[in-house]
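Single-structure report; data block below.
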Number of protein chains: 2
Amino acid sequence: MKDKTGTPDIYEDLRHRLITGQFVPGQKLKPDELRGAYNCSINTVREVLLRLSSAGLVGFQDQRGFRARDSSVRHQHELTQMRILLEQEGAVLSMRRGGLAWEARLTAAHHKLSHIESQIALSGQVEPVLDVWCAAEWEFHETLLSDCGSDLMRRTFASIYDQFRQQLVTRERNYGYFPENVAEHQRIVDAALARDEALCRQRIHEHLSRNLLPGAETDAPAARASGAAW
Amino acid sequence: MKDKTGTPDIYEDLRHRLITGQFVPGQKLKPDELRGAYNCSINTVREVLLRLSSAGLVGFQDQRGFRARDSSVRHQHELTQMRILLEQEGAVLSMRRGGLAWEARLTAAHHKLSHIESQIALSGQVEPVLDVWCAAEWEFHETLLSDCGSDLMRRTFASIYDQFRQQLVTRERNYGYFPENVAEHQRIVDAALARDEALCRQRIHEHLSRNLLPGAETDAPAARASGAAW
DNA sequence: AAAAATATAAATCTTGAAATTTCGATCGGA
DNA sequence: TCCGATCGAAATTTCAAGATTTATATTTTT
């Protein structure tokens, strides 16, 4: 339990607790109870919760308060859809715009992530390095889009990523870590550095498709043949 | 000036005023001044503004209050990018899932919009029917994605659309109305009903590309050849 | 006269309490 | 026993005032 008094700190702490599964999904979040942990007033907590509800991490109903977003495979599916869409598009844009600096950041982020994931694979345990792994996984995917040239796209992706992680964490025992990730991340980086847009799209899709609903329709690669973007 | 007391009403009214250009872009929004119009407390307005800032319609800086989002061609460009991305993807998904009911709603929405836009074309004036035109334009584009099967996608699009409109309204004299719209909307509907995904994507892009930055790189249609979606 | 420093005014943020609404349990009737 | 109504407790929302920060105007100094 923290004891900081700044509103931004409270926001960050609650956000962190939400995306690391420290609340039971449908659990009620009463300002009056959370108040104590931060040594502040009810309304301050209320303000934070209100903003977190706009971010999609907490549910809110008029006159009946806040709840930790409950988990559903439906929502998880939709978040995965959106992640694929944004990550594919953002990565492709970065591949076109990004120069040496971007490549350097991408390989660096991948190297860091790869190192941590190797450790996890050896020990078989995620918990001991959970926070550092989460940070590295985020940094890798964020870096992939980082040179897309659109702040809006990056912020939208950040929001979707948070919600995605919140869902995953409550469902998967391993907080969303899979041994296959190591190889999949590698293949994404390879395609990105090779500037093979179609291949990169495909590998991003493969990487995330595990979180899609089984029966959902899937784009045949060729189906998008002549779709114009921007 | 309204006099309603419900918080949701205040939110809706302020949102409406923001996306119809009733505030000068960088203008300061002081809770103490807005308070009077709604006959409520400062904090109630503050809460609403906080939520509108999460929606991207108002700017917010810690300890220095709220401002109407200022307009920039950069932001407008990024919003257009995102609109194209979401609208293309959502339309394609709707085309696959949507049945007769969707087709009916789409043609109905288009018919309504078409009727209003014809009127505007005759009189040459948007203002007299501004609100009804805005509603119809929104309904048309919303209906296009309405059967995509993803609430997340629809809500994300709604948010982007609002911000897009806010930007457009402050820049274009005609609130974003162009005579070409009539034909462009028609062509989109035609492609959608024909279930020609590539063509529909292309026409959505053409419809919105007017709001992109001139020098921006554009996807060659073939460049997306084998990109997998979901 | 320009720049820095101070004092004053204004606006923002936090707080605790009042007013309103919802939730849960008990009671009465079918 | 089951269903609906009523009452009390708890939670949520609104409010107005106090505390803190930022902005503006004035004075002082170089």
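Order of the sequence lines sets the chain letters (A, B, ...), proteins ahead of strands, with each chain counted from 1.
A cation-pi arrangement, defined by a distance under 6.0 Å to the six-membered ring centre and an angle within 45 degrees of its axis, is absent between A/Arg83 and A/Tyr161. Under the 6.0 Å distance and 45° angle rule, B/Arg51 counts as a cation-pi partner of B/Tyr11.
Of the candidate nucleotides C/dG16, C/dT22, C/dT12, C/dT22 has the atom nearest to the side chain of A/Arg64. Each of D/dC15, D/dT22, C/dT14 was ranked by its minimum atom distance to the side chain of A/Thr44; first place goes to C/dT14. Checked against C/dC13, D/dC15, D/dT12, the side chain of A/Pro31 finds its nearest nucleotide in D/dT12.
In this structure, the CD1 atom of B/Ile42 is 18 Å from the P atom of D/dT20, given to the nearest Å. If you measure from atom CZ of B/Phe60 to atom C1' of C/dT12, you get 9 Å, rounded to the nearest angstrom. Rounded to whole Å, atom P of C/dT12 lies 16 Å from atom CD of B/Glu47. Atom C1' of nucleotide D/dT22 and atom CZ of B/Arg67 are separated by 12 Å, given to the nearest angstrom. Going from atom CD of A/Gln27 over to atom P of D/dA11 covers 14 Å, rounded to whole Å. In this entry the distance linking CD of A/Gln61 with P of D/dA11 reads 17 Å, nearest Å. Per the geometry, CZ belonging to B/Arg35 stands 13 Å off P belonging to C/dT12, to the nearest Å. The nearest whole Å value for the distance from the CG atom in B/Leu29 to the P atom in C/dT12 is 10 Å.
The phosphate of C/dA10 has neither OP1 nor OP2 within less than 4.0 Å of any side-chain N or O from B/Lys28. When the side-chain nitrogen and oxygen atoms of B/Lys30 are compared with OP1 and OP2 of D/dT22, none of them lie within a distance under 4.0 Å. At the phosphate of D/dT13, neither OP1 nor OP2 sits under 4.0 Å from any side-chain N or O atom of B/Thr7.
Both B/Gly65 and A/Asp62 sit near DNA chain C, but only B/Gly65 has its closest nucleotide nearer the 5' end.
Ring centroids of B/His141 and B/His185 are separated by less than 6.0 Å, placing the two rings close together.
Put simply, the side chain of B/Glu139 never gets that close to the backbone of B/Ala136: no donor and acceptor are under 3.5 Å apart.
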_Stepwise side-chain contact (heavy atoms from CB on, under 4.5 Å) check, A/Asn181 with A/Phe178_ = CA-CA 6 Å; A/Asn181 284 353; A/Phe178 296 92; 4.0 Å; yes

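Below the 3.5 angstrom threshold, one finds no donor paired with an acceptor across the side chain of A/Asn43 and the base of D/dT12.
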